Asks: 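Below is one structure. I have some questions about it.
Here the structure is a predicted model, which is why all the values come from computation and not from measurement.
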Protein chains: 2
Amino acid sequence: MTVHIPTGVMVSENPPTGRAPSIRDVARLAGVSHQTVSRVLNAHPSIRESTKLRVQQVIDDLQYRPNSAARALVKGQSRTIGVLSAMSAEYGPASSIAAIQDAAREAGYFVNTANISRGEPSSIQAAVDHLMDQSVEGIVVIAPQVRVIEAIEKLSIAVPYVTLQSTGVADKHALSVDQIAGARLATRHLIDLGHRNIYHLAGPQDWIEAEARMRGFLEEMGANDVPTTAPILGDWTAGFGYHAGRELLRVRDFTAIFSSNDQMALGLMHAIRDAGLDIPRDVSIVGFDDIPEAAHFWPPLTTVRQDFAELGRRCIALLLANITGGANEASSSPLIPELVVRSSTAPPAW
Amino acid sequence: MTVHIPTGVMVSENPPTGRAPSIRDVARLAGVSHQTVSRVLNAHPSIRESTKLRVQQVIDDLQYRPNSAARALVKGQSRTIGVLSAMSAEYGPASSIAAIQDAAREAGYFVNTANISRGEPSSIQAAVDHLMDQSVEGIVVIAPQVRVIEAIEKLSIAVPYVTLQSTGVADKHALSVDQIAGARLATRHLIDLGHRNIYHLAGPQDWIEAEARMRGFLEEMGANDVPTTAPILGDWTAGFGYHAGRELLRVRDFTAIFSSNDQMALGLMHAIRDAGLDIPRDVSIVGFDDIPEAAHFWPPLTTVRQDFAELGRRCIALLLANITGGANEASSSPLIPELVVRSSTAPPAW
DNA sequence: CGTTGGAATGTGCACGGTCACAATTGCGAC
DNA sequence: GTCGCAATTGTGACCGTGCACATTCCAACG
């Protein structure tokens, strides 16, 4: 169907079906050049108000949407950032990812996530390749396993990257969250209560944050001249916590355990109760993360709260600062975890 | 720096820095046309083996990567699918998302996730817009709230979409996971144990899966002629479970509760224990989802297991079938949840 | 030895935006 | 009335890849 327009131009009212309207379709209907439309879209200052309105009207009528592929092609940038993540089904990573997505969207960026199923190098490689294929402008590494970082650095990646959950040292790659301080808080709490025989159930050693929490534990123990035993290396799961608990109970030379995360703490408590012992009377337990369920564990878990959402937001701020070369105010104030005391800790009975 | 090549062509050894090598750079160095390079990349059948090898060599040398924006532009498809998700920090959604990403990557697709922070319509609109801006080829809706579905349909979206966690009816939009059957399984278990006074703690009513589980509960109760009380409407969180538990205990006219998910079940158990009652002696509890922690709750929770990962995989299979117009074998065999009996259920004491 | 036809390769344009630059318009000052 | 300058708008090329079509190559056949 065609209609006659007063200007004397024959115009097809419905543009050829099957193809989304382009900037030129809009231009034709608005009676301007395609460049003017582009200017309206990009809020160019020198556009007459009346022109702008007219173009905007056509845009709305046609439900025109800029083609991001075309824009990416000509500008040479994809407006996409990549997220490299392991164990993304866990509460911590998942919360951060959600916050990252929100923050990125806010800034007009798209987020593309690639999971690292296992620690296998090939899997890491595949994930990084996937992101690079999309020509992401930056990468967020959520599961900062040492080997992942190494793989990325070895790739001499052309794009900036940021790792979440670091050791508290703020450089241009790492977010300054003081995991060590958090671990010291937890350890100090146990020491203050009078515990002297404290075990530490650590996370996988190739995780930077696991290593940081362990270091915090050892530092605080050392600072208070409390002798330590070697930490037990776990895998973050409640199942492992349970098995570790059963093993530990065969010795039973401790009055408290500091677990590297809440899930393992849950498993630990399960094993301890199975053995007929009481928490916190016989054993005190401290976790890490403060997942939403921790307040309803039995007993409610004393733990260290991390603000994963804030973490995600800062992460994007830092990355975007790297990308655009702008200043980075985000890392200026380090994020300090907070001790949440509930009912799983008490002075030792002996 | 330039070098003289035997063929008599002057070639710049290092292509102009600052720009990634293009298909033409490869072509020039390999002494073929850009189209031949394109054919190698797309595994065109009519390419001489020797030519293919030569081109491949240059590609490796240059570390050439096809520009996905250019490809998307000319082919008119982005090879990207969008995920619309709410509460993506929860175990269920997060697991599915991870599986979706893996499956999509396997199929050569990118995944772009947009979160719906609250139920606000504007938030939904913004999320959908964001995905459409990226010109996704399909959408997976993870948080199947009624209003989200409505919003999407109202948009008369030009792309196919699939919703996760449906009522068991397999149509072209919904994955056939029988939530109703799962809920009946849980309810039946309680009835079989001898319970006759059973409450149901449901999820938010605008969630399709919450509604399906509630329906399953009511159906099974009706089928066994057990009188029912009105379900309590919750918000999926452990905190709500706790408060609901405290309220319910003021009446205490029940011997069992079927909770719509494991988190609320946890809060429920917390409240019940706080009141000095024993689980399962005084009250039996059944959850839904079987999150990894459920096995280590106190007591270990009887629940209904959902295979979220398989769900994610099938979801992509269905969506890709919709996109390519191919056959869909995925939905042929509906996914049936499985009852996992642990220690939170027992025959009623009275 | 010319013809034929399929395999292998090349040519030019299109995709939908943006950029650099050119052209036109508008308006106050001379 | 016209000149100058800034504001506004238009023109054409280009980004990297795939498609349609044209061309070349080469072996088999009559």
Side-chain angles (χ1 to χ4, degrees), chain A residues 7 9 15-16 18-56 58-59 62-80 108 132-135 137, chain B residues 7 9 15-56 58-59 62-79 108 132-135 137:
Chain A
T7 58
V9 188
R19 225 186 72 259
S22 83
I23 205 173
R24 287 163 214 270
D25 294 324
V26 175
R28 189 157 20 84
L29 288 182
V32 297
S33 77
H34 63 107
Q35 177 64 310
T36 298
V37 178
S38 172
R39 290 196 177 98
V40 171
L41 291 172
N42 295 290
H44 189 279
S46 299
I47 289 281
R48 206 193 313 275
E49 191 62 23
S50 63
T51 313
K52 187 162 117 188
L53 254 47
R54 187 153 38 98
V55 171
Q56 194 61 54
V58 177
I59 287 177
L62 253 47
Q63 292 192 285
Y64 163 80
R65 281 174 178 281
N67 181 320
S68 60
R71 181 174 289 171
L73 175 60
V74 67
K75 308 248 314 182
Q77 47 184 34
S78 59
R79 293 242 110 192
T80 297
M132 296 306 285
D133 281 347
Q134 178 83 303
S135 52
E137 291 182 36
Chain B
T7 59
V9 187
T17 49
R19 227 187 70 258
S22 83
I23 206 175
R24 288 169 210 267
D25 295 323
V26 175
R28 190 158 17 87
L29 289 183
V32 296
S33 77
H34 69 101
Q35 177 64 324
T36 299
V37 177
S38 173
R39 290 193 177 100
V40 171
L41 291 172
N42 295 292
H44 187 94
S46 298
I47 288 283
R48 207 194 310 277
E49 189 64 20
S50 62
T51 311
K52 187 162 119 188
L53 254 48
R54 188 153 37 99
V55 171
Q56 194 62 55
V58 177
I59 287 177
L62 253 48
Q63 293 192 282
Y64 164 81
R65 279 173 180 282
N67 181 320
S68 59
R71 181 172 291 173
L73 175 59
V74 68
K75 307 254 302 188
Q77 47 185 34
S78 60
R79 292 244 109 191
M132 296 306 285
D133 281 346
Q134 178 82 303
S135 52
E137 292 181 34

Asks: Flag the pair Ile59(B) / Gln56(B) as yes when at least one side-chain heavy-atom distance between them is below 4.5 Å, and no otherwise.
Replies: yes
Asks: Mind grabbing the angle between the end helix axes of the helix from dC1(C)-dG30(D) to dC30(C)-dG1(D)? Five pairs an end, 10° rounding.
Replies: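 Between the first-five-pair axis and the last-five-pair axis there is 60°.
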Asks: For the residue pair His34(A) and Ile23(A), what are the closest heavy atoms and their distance?
Replies: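 So the minimum-distance heavy-atom pair works out to O-CD1, 3.7 Å.
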Asks: Restricting to pairs with a member in residues 62-76 of chain B, which pass side-chain hydrogen bond (donor to acceptor under 3.5 Å, both in side chains), not counting sequence neighbours?
Replies: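 Matches after skipping sequence neighbours: Asp129(A)-Arg65(B), Asp133(A)-Arg65(B).
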Asks: If you compare all heavy atoms of Ala69(B) against all heavy atoms of Ala72(A), which two are closest, and at what distance to 0.1 Å?
Replies: CB-CB, 3.8 Å
Asks: Using only atom types and a distance under 3.5 Å, with no angle test, would you say the side chain of Arg54(B) pairs donor to acceptor with the backbone of Ala30(B)?
Replies: yes
Asks: Without decimals, in angstroms, what is the distance between Leu62(B) CG and dG16(D) P?
Replies: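 So the CG-P distance, Leu62(B) to dG16(D), works out to 13 Å.
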Asks: Just verifying a value: how many Å separate Ser33(A) OG and Arg28(A) CZ, rounded to the nearest 0.5 Å?
Replies: 13.5 Å
Asks: Is any side-chain heavy atom of Thr51(A) less than 4.5 Å from a side-chain heavy atom of Arg39(A)?
Replies: no
Asks: Along nucleotides 7-21 of chain C, 5' to 3', which nucleotides get a B, which get an S, and which get a -, given that the test is a protein heavy-atom distance under 4.0 Å?
Replies: SSBBBB--BBBBBBB
Asks: Once you round to the nearest 0.5 Å, how far does OG1 of Thr36(B) lie from CG of Leu41(B)?
Replies: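 One gets 11.0 Å once the value is rounded to the nearest 0.5 Å.
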